Amino acid sequence: MESRFDLAYNAAHALSLAALRWHGYRSENRYQVFQCLAHTLKLEPLQWRALSQAHNKRNLAEYEGGLDVDGALLDALIRSAQLVSNGVTALGPVHR
């Protein structure tokens, strides 16, 4: 479960960052990348908040050690990552 969490979180972050960059913006703050999904992909708060919760869980693991993965959070993370993936795909190529 821990490796699935890590993979889903990193995929969701990379895709969220791609959506932000597609709109011409950059951020070095992981949390802001998820918050911007309301604007970049029109995600509802419930959808991007799951990513925010995963971010908080990831930070606890990164900075305090130990990752206690909750099955419900993992499922929500995977669903949200899929929504982000679909949204990024729908954006199409960057036209600059």
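Count residues from 1 along the sequence. What you see is a predicted model; the values in this text were computed from it and never measured.
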By side-chain hydrogen bond (donor to acceptor under 3.5 Å, both in side chains) - contacts of Glu2 (at least two apart): none
Grab the two heavy atoms, one from Tyr31 and one from Ser52, that are nearest each other, plus how far apart they are. CE1-OG, 2.8 Å
Keeping to residues at least two apart or across chains, list the ring-ring contact (aromatic ring centres under 6.0 Å, His included) pairs with something in residues 65-84. none
With hydrophobic residues grouped by side-chain heavy-atom distances under 4.5 Å, do Tyr25 and Val33 end up in a single group? yes
For Ala81 against Ala8, the heavy-atom pair lying closest together: CB-O, 4.1 Å
Name all residues meeting the side-chain contact (heavy atoms from CB on, under 4.5 Å) criterion together with Leu41; count only those two or more places apart in sequence or in a different chain, and write none if there are none. Ala19, Leu37, Leu43, Val84, Val88, Leu91
Where is the tightest heavy-atom contact between Gly92 and Trp22, given as atom of each residue plus distance? O-NE1, 3.0 Å
Could you list the residues that satisfy ring-ring contact (aromatic ring centres under 6.0 Å, His included) with Phe5, not counting sequence neighbours? none
Taking side-chain contact (heavy atoms from CB on, under 4.5 Å) as the test, write out the residues that go with Ser80, two or more places apart. Ala50, Leu51
Partners of Gln82 by side-chain hydrogen bond (donor to acceptor under 3.5 Å, both in side chains), sequence neighbours excluded? Asn86
Check: residues 57-73 side-chain donor-acceptor pairs under 3.5 Å, at least two apart:
unit_1	atom_1	unit_2	atom_2	d
Lys57	NZ	Asp68	O	3.0
Asn59	ND2	His55	NE2	3.1
Asp70	OD1	Ala72	N	2.7
Asp70	OD1	Leu73	N	2.9

Just jot down the side-chain contact (heavy atoms from CB on, under 4.5 Å) partners of Asn10, sequence neighbours excluded, or say none. Asp6, Arg30
